[in-house]
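Step one of this worksheet: look at the structure below.
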Amino acid sequence: MQHFSKLSIFMRKVSILLFFIGISGFSFANKEKEFNVSEMIMHHIKDAHEWHLFGPEHGGTSIYLPVILMDNGLKTFSSKHLYHGESVEVAGKEQEISLHYVKGVGPAAGYALYHEEIYKLNAAGVLQFEGEHPHNPQPFDFSITKNVMSLLMGAFLILVVMFSVAKFYRKNGAVAPKGIAKFFEPIIVMVRDDIAKENINEHKYKKYVPYLLTIFFFIWFNNMLGLIPFLPGGANLTGNITVTLFLSVCTLLVTLFSGNKNYWGHIFWMPGIPVPMKIFMMPIEIIGIFTKPFALMIRLFANITAGHIIVLALIGLIFINKNVGWAGLSVPMALFISVLEILVAFLQGFLFAMLSALFIGAAVEEAHH
Amino acid sequence: MDLILPDLGLLFWTGIVFCCLLFLLAKFAWKPILNAVNAREQKIAESLELAVKTQAEMKALKAENDQILKEARAERDNILKEAKDAANHMIEEAKTKSKVEAQKIVEAARLNINSEKAAAIAEIKTHVATLAIEIAEKVVRGELASDEKQKALAEKLAGDIQMN
């Protein structure tokens, strides 16, 4: 036991060390370049085709993830060929900006990576810039990016955890929970009772519990993974607009397909108000169908991304001031924010499921007047 | 800007992973977990109901027992009382009987004593008479021991007869 705890403390020390080496590496490696905090933050919260582990940004240790392109057939290669290709510097329109992209080599020949986006090289074999953005066409990019990898690991983690909870009940029957089931049962019951039952008609809520449970645990687990600064986590998955878009579209579709006569009646021909008002209310209600999931999408995206930005900005203070003494201030503050983010991780999952249940509840509500 | 633009590839993978996750969890996790939790909740509710029912039954049973005990006690008291009465009665009767018997015995004894007494008296009388005759004989014999005495007696008797 003691051996184990010693080991875990050692592991933690090593990983914290690696984390800081990682940050310091990429900032001090290009000493001639001014440290750009917003670039560093954007780099960390955006998707990537590699999983950077430690060392400087260019030439450090990374896991190169597979690139899958749909461009006149399926093309797959390691992102290594894109990151370690031919580096090209292009002078931007304004003289102080120099644009930097990498041309792929080997199987990645004919493609270039610019700001984590893959472009096709034109006939001259270069990217044609229009301002700061390349004009070249982009192939459909179905790569296993950092976020996709994180998504797969998160899904795997949820499956492992929930299957072991289910296994407990399958083995022991309807008994008092123990171990992992004891931890997760109250949360599952909370989703069932306080989220589903509370907001959806008592006779209809059962159908929606699996969806709400999945969406809650998906968001919660991935939020938590996002808070871990090294390998199993570190991606900004739930703070990615695509993921929150998908989740809110799911809620929108569930709501629309559950809507009964009463729900649609309230949208297109609001009962109990004069006819001119009915006509006036109709477009407002129709817009309302979409603003609700839109708010869900923005809320989750903004909350999680903001959390990551704050932690990165606080750590960035050390490098902006180029003085390790700032760590005395920025590390405790980043720790405080990280702890707060643990609460936010749960809260955002809860809110997303809660509001989804609320919208579904409104869609299946029976007329009561 | 591309921070708030959706990415097709990620959308594709999110869709696939989330749908698979929803399907797998719904079928192999949520269903058994919720079934077990529901079953347990039902079991607990039933057990509580049963406990309340049992308590009520116990109460009723206890009341019944008390009633029976009370009745039994009353009956016991009754039986004791009756037994005491019967015993008293028997003692009384025995007393009366024995008194009567004793009186009878005493009576019989008295009668016996009386008859014995009468017999004894009669015997004593006979005995006394015999004794008197014997004494008289002895006296007479003494009186008649000599001639003069015989003469004197004869004279005397003659004299008595004459006097009569």
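In the text below, chain A, chain B and the rest are named by the order of the sequence lines, each starting its count at 1.
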request  = May I ask you to decide if the ring planes of W220(A) and F217(A) are parallel, tilted or perpendicular, using 30° and 60° as cut-offs?
outcome  = tilted
inquiry  = Shorter than 4.5 Å, heavy atoms on both sides: which option in V249(A), V148(A), D141(A) has the most such pairs with chain B?
reply    = V148(A)
query = So what's closer than 4.5 Å to chain B heavy atoms on V209(A): side chain, backbone, both or neither?
reply = side chain
inquiry  = Please evaluate residues F184(A) and F168(A) with respect to the criterion ring pair (Phe, Tyr, Trp, His ring centres under 6.0 Å), reporting the C-alpha separation (whole Å), side-chain torsions for both, the decisive distance (0.1 Å), and the verdict.
reply    = CA-CA 12 Å; F184(A) 282 104; F168(A) 172 84; over 10 Å; no
query = So which of C19(B), A36(B), A26(B), A39(B) has the largest heavy-atom pair count under 4.5 angstrom toward chain A?
reply = A36(B)
Region of F28(B) that comes under 4.5 Å of a non-hydrogen atom in chain A = both
ask   = Looking at L25(B), L10(B), L11(B), which has the largest count of heavy-atom pairs under 4.5 Å with chain A?
value = L10(B)
note = When the 4.5 angstrom heavy-atom criterion is applied to D47(A) and chain B, the contacting part is side chain
key: Options Q42(B), K43(B), E41(B), ranked by heavy-atom pairs under 4.5 Å with chain A, top entry   = E41(B)
note = Cut-off 4.5 Å, heavy atoms of chain B, and the answer for A181(A) is neither
inquiry  = Heavy-atom pairs under 4.5 Å with chain A: which of V37(B), N38(B), L8(B), L21(B) has the most?
reply    = L21(B)
request  = Let me know if I188(A) has heavy atoms under 4.5 Å from chain B in its side chain, its backbone, both or neither.
outcome  = side chain
ask   = Hey, is CD on E137(B) packed in by over 12 heavy atoms from elsewhere, all under 6.0 Å?
value = yes
key: Option in V189(A), T145(A), T305(A), I144(A) with maximal non-hydrogen atom pairs under 4.5 Å from chain B   = I144(A)
key: Lys/Arg N to Asp/Glu carboxylate O, E107(B) vs R110(B), below 4.0 Å   = yes
request  = Answer yes or no: does atom CD of Q67(B) have more than 12 heavy-atom neighbours from other residues, nucleotides or ligands under 6.0 Å?
outcome  = yes
key: Proximity breakdown for N236(A) and chain B, heavy-atom pairs closer than 4.5 Å   = neither
query = Heavy-atom distance under 4.5 Å to chain B: side chain of M70(A), backbone, both or neither?
reply = neither
query = Considering only heavy atoms, which portion of L151(A) lies under 4.5 Å from any heavy atom of chain B: side chain, backbone, both, or neither?
reply = both
message = Ring centroids only, cut at 6.0 angstrom: are Y119(A) and Y101(A) within range, meaning strictly under it?
response = no
ask   = Less than 4.0 Å between a side-chain N and a carboxylate O, is that true for E116(A) and K146(A)?
value = no
remark   = Highest number of heavy-atom pairs under 4.5 Å with chain B among I215(A), L152(A), I298(A) belongs to I215(A)
